[in-house]
Amino acid sequence: MALSPPQFWLLKSEPDVFGFDDLVRVGREAWSGVRNYQARNFLRQMRVNDLCLFYHSSTALPGVAGVARVGREPYPDDLQFDPESAYFDPKSTPQNPRWSMVDVVPVLAFPAVLPLDTLRTLPEWQDSPLTRRGNRLSVLPVTPEQFRAALKAAGMDPREVEL
DNA sequence: GCCAACGTTGGC
DNA sequence: GCCAACGTTGGC
């Protein structure tokens, strides 16, 4: 059995709704509500223990607040079946769900938010969907080099999370 | 709050 | 299948 290489991702969240501190508080969260096919397809590639940069969007200081890991492999997003939910999808059925989610678990809070402005200055981040203009992806892949560069720029030792 | 960029919808 | 209209995202 081959061990799959570590995968890295970036997850966007609006801190006014659910920030990294909220993730730390609850300890584990179902990452529901992704309703974009490209983001969903990335989500479905996630595997347990993949590492995620937790990004704060639509806020005064957009940037990465910490690191989370995938705590459960992709499974159907339950909100798609809930008529009361804003994420309800009438075209979804339990037999054929359109939308998936994973669980995420906090790993490491950065001492301070690593600003988007700083990410833009890193050579590794020049060609990322995140730093591209008009980007709207809420789940996107991160290269190992980007992940390491982000940790370093945040003042962290990559060995703290790459166990 | 503004607005550019982008995805989705629906008429044809 | 085209494409204009519309809604949403997200930095500023």
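Only heavy atoms go into these numbers, but all of them, side chains included; no hydrogens, no water, no symmetry mates. Lettering of chains follows the sequences in order, A, B, ..., and the numbering in each one begins at 1.
Side chain of D77(A) to main chain of S32(A): no donor-acceptor pair is present (N/O by atom type, distance under 3.5 Å, no hydrogens or angles). S58(A) places no side-chain N or O within 3.5 Å of a backbone atom of E14(A) that could act as its donor or acceptor partner. Not one N or O on the side chain of W9(A) forms a donor-acceptor pair closer than 3.5 Å with the backbone of V139(A).
Look at OH on Y87(A): it is 7 Å from P on dT9(C), rounded to the nearest Å.
In this structure, the nucleotide among dT8(B), dA5(B), dG7(B) sitting nearest to the side chain of R133(A) is dA5(B).
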N/O to N/O distances under 3.5 Å, protein versus nucleotides 10-12 of chain C:
residue	atom	partner	partner atom	Å
dG10(C)	OP1	K12(A)	NZ	2.9
dG10(C)	OP1	R136(A)	O	3.3
dG11(C)	OP1	Y55(A)	OH	2.6
dG11(C)	OP2	S58(A)	N	3.1

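Under the rule for a side-chain contact (heavy atoms from CB on, under 4.5 Å), the partners of V70(A) that lie at least two apart in sequence or sit in another chain are M46(A), D50(A), C52(A), V102(A).
Taking the six-membered ring for Trp and thresholds of 30 and 60 degrees, W31(A) and F18(A) have ring planes more than 60 degrees apart, a perpendicular arrangement.
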